[in-house]
Amino acid sequence: MFNALALAQNDLRDPDATGPVPVELSEMPDAERSSVHVPSLRLPSPRHAEDHPSADIADSAGTPGSRSMPDFSLTPEQESLRDLARKFARTEMAPHAAECDRRPRFPEEIYRKAYELGLMNLNVPAEYGGSGLGLFDQCLIVEELAYACGGMTTSTIANCLALEPILLDGSPEQKERFLKPFCAEYHLASFALTEPSSGSDAGAVRTIARKEGNDYLLTGDKCFISNAPHASLFTVFATIDPKLRHKGVTAFVVPRSAEGVSVGPDEEKMGHRASATSTVRFDEVRVPAADRLGPEGNGFSLAMRTLDQTRTPIGALATGIAQAALDHAASYSLKRETFGKPIAEHQAIQIKLANMVQAIHASRLLTWRAAWTIDRGQKGTLESSIAKCYASDTAFAVADQAIQIFGGYGYMREYPVEKLLRDAKLTQIYEGANEIQRTVIARELLRGYA
Ligand code: COS
């Protein structure tokens, strides 16, 4: 019988790493765990650094006719970050991925461990208690986590999406007041933009923010909100007047404990079943004006700028799922025999594997390029949409081909690849459906020709 867990616990990507199964983090004493790993996450890796190490241009001066070439190597700090995430993913997440998918179950104990290791709140600067990582470093981590479980990764990184609006437009006082206590302990937050009648058309939000004295009263419904059943904080996008369309959208920080906030039951989803998703209702929720992010009408731009940042890690998440699908399929193709030889020796299978690995390399490079662009302080709207769109379409196609290579076994729940297809599907939908990514890409492209 094909053993998904054993497969997941071995490092299939690194031929030198086929040794013993890594040490269980859960078996390591607390002191040893933090002394080994946490400092590597606190190493300086500034957001928007002009000189991101991975982005160095290696000058190959001296070689006649040579041109400067990008340097794709990782720094030692980045390698240790990636190794930390890989070890956590394979020892803590992978062994529970199938069970959490099947039941489904929200494995809070795993998210708490991720928080303790600094694998949550990745984008929050260290001064507010986060890991203070640039986007490139976040992507290294996210790909590793998603290799083990897409759903757990969604829940682990949902705080980055929810907190990004505070990082972008929060005043220093708001950052201090919201981020510090939030990051000081394990907490989950949710980004509440989507509504039953406004998903792709984000400017059409109907949740009303009615001004009353120095407060706003928020009333409306949000849906498909990741981590909402467990969140203690929401960043909420409402409108001061729906007729103003996107110019009326305004963002607020709302604690779960506020009177009038109610969260619906966990939705039954096709994939990402280890994450929790639900509706959130705001019924005349009183929010002080001091908890508004930026001026009235600033919310749409804030949501777009947030998504410019967070779509790139979705590219990394999709790449992790695709890499897992390829590794399962390649490994299986060497063991499974038809017509007297392993199926890996049939050209039909080789062509599939070759196409899969090409698309995965392209996804990773596009994701790295988008992260590098944004880490250099550029907007990255085009690059992040390209990375998210290409990598998520790749993840779906690669998982589909992995099932094809497994044949009938691939269609069975007891084998790992059908979960990857279900998990890949969501990456084509959330943080902006790929039709929207193509709209954004085309608009950005055409701007250059106008
Ligand atoms: N950064 C900053 N500002 C932006 C921006 C960006 N990336 N994209 C758009 N804007 C600004 C525009 O410049 C414009 O500003 P002005 O009013 O000053 O001219 C304003 O926002 C409206 O832009 P636009 O006309 O492009 O808005 P549209 O209604 O056409 O919508 C799309 C644009 C479709 C791209 C947007 O609604 C979208 O991204 N939808 C998907 C939402 C999504 O991803 N949801 C998932 C939620 S998380 S699971």
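Keep in mind that the numbers below use all heavy atoms, side chains included, and drop hydrogens, waters and symmetry copies. Every number for a ligand or one of its atoms is a count from 1 in the order of the listing.
- Less than 4.0 angstrom separates atom 1 (N) of ligand 1 from at least one non-hydrogen atom of the protein.
- In this structure, K425 satisfies the cation-pi test against F396, with its NZ or CZ atom closer than 6.0 Å to the six-membered ring centre and inside 45 degrees of the ring normal.
- Look at K180 and E127 and you find no salt bridge, because none of the NZ, NE, NH1 or NH2 atoms lies under 4.0 Å from a carboxylate O.
- Remark: minimum distance from atom 35 (C) of ligand 1 to any protein heavy atom is reached at V440 CG2, 3.6 Å.
- Proximity to I436 (heavy-atom distance under 4.0 Å) selects the following atoms of ligand 1: 34 (C), 38 (C), 39 (O), 40 (N), 41 (C).
- If you look at H272 and Y430, their ring centroids are closer than 6.0 Å.
- D423 has no carboxylate O lying under 4.0 Å from a charged side-chain N of R273, or vice versa, which leaves the two without a salt bridge.
- Salt bridge annotation for E79-R82: absent, with no cationic side-chain nitrogen under 4.0 angstrom from a carboxylate oxygen.
- The N/O atoms of T194, backbone and side chain alike, include none that comes under 3.5 Å of an N/O atom in ligand 1.
- Salt-bridge annotation for E99 and R103: present, with a side-chain N of the basic residue lying under 4.0 Å from a carboxylate O of the acidic one.
- Of the charged side-chain nitrogens involved, none lies within less than 4.0 Å of a carboxylate oxygen, so that D241 and K247 do not count as a salt-bridged pair.
- Less than 4.0 angstrom separates some heavy atom of T381 from each of these atoms of ligand 1: 7 (N).
- Of all protein heavy atoms, the one lying nearest to atom 26 (O) of ligand 1 is R443 NH1, 2.5 Å.
- Using a cutoff of 4.0 Å between basic side-chain nitrogens and carboxylate oxygens, E173 and R177 are scored as salt-bridged.
- For atom 5 (C) of ligand 1, a protein heavy-atom neighbour is present inside the 4.0 Å cut-off.
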Exercise. Going through the checks in order, is the salt bridge (Lys or Arg N to Asp or Glu O under 4.0 Å) test met by D101 and R413?
Worked result: CA-CA 10 Å; D101 174 60; R413 278 275 156 101; 5.3 Å; no
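- The ligand atoms of ligand 1 that sit less than 4.0 angstrom from a heavy atom of L307 are 43 (C), 44 (O).
- The pair E195-K222 counts as a salt bridge, with a side-chain nitrogen and a carboxylate oxygen less than 4.0 angstrom apart.
- In terms of N/O distances under 3.5 Å, ligand 1 is not approached by D201.
- Ranking protein heavy atoms by distance to atom 15 (O) of ligand 1, first place goes to H246 NE2, 4.2 Å.
- When only non-hydrogen protein atoms are considered, atom 29 (O) of ligand 1 lies nearest to R245 NH2, 4.0 Å.
- Here the heavy atom of the protein found nearest to atom 46 (C) of ligand 1 is G432 N, 3.5 Å.
- For the pair Y430 and ligand 1, the shortest N or O to N or O distance does not fall below 3.5 Å.
- Looking at E259 and R286, no side-chain N of the basic residue comes within less than 4.0 Å of a carboxylate O on the acidic one, giving no salt bridge.
- Scanning all protein heavy atoms for the shortest distance to atom 23 (O) of ligand 1 gives F300 CE2, 3.8 Å.
- Close approach to G199 involves these atoms of ligand 1, each under 4.0 Å from a residue heavy atom: 42 (C).
- Within the structure, the closest approach of T439 to ligand 1 does not fall below 4.0 Å when heavy atoms are considered.
- Of all the heavy atoms of R311, the ones lying under 4.0 Å from any atom of ligand 1 belong exclusively to the side chain.
- Between E143 and R364, at least one side-chain N (NZ, or NE/NH1/NH2) sits under 4.0 Å from a carboxylate O, which counts as a salt bridge.
- Between S301 and ligand 1, a contact under 3.5 Å exists for no N or O pair.
- Taking only nitrogen or oxygen atoms, main chain and side chain alike, F191 does not reach within less than 3.5 Å of ligand 1.
- Side chain to side chain, Q437 and Y390 fail the donor-acceptor criterion of an N or O pair below 3.5 Å.
- Within the 4.0 Å heavy-atom cutoff, A204 does not count among the residues contacting ligand 1.
- Within the 4.5 Å cutoff, no side-chain heavy atoms of R292 are placed close to those of V287.
- Within a 4.0 Å radius of atom 43 (C) of ligand 1, the protein contributes at least one heavy atom.
- Residues D137 and Q78 have side chains that bring a donor and an acceptor to within less than 3.5 angstrom of each other.
- Around atom 40 (N) of ligand 1, the closest heavy atom drawn from S200, S384, S198 belongs to S200.
- Both the backbone and the side chain of A202 come within 4.0 Å of ligand 1, judged by heavy-atom distances.
- Checked for salt-bridge contact, R105 and D266 miss the test: no charged N lies under 4.0 Å from a carboxylate O.
- Counting protein heavy atoms only, atom 49 (S) of ligand 1 is closest to E431 N, 3.3 Å.
- Protein heavy atom closest to atom 7 (N) of ligand 1, with residue, atom name and distance, is D308 OD2, 2.9 Å.
- Residue nearest to atom 10 (N) of ligand 1, selected from Q437, M304, R305, K379: M304 (by heavy-atom distance).
- Atoms of ligand 1 found under 4.0 Å from any heavy atom of K247, numbered from 1 in the order shown, are 17 (O).
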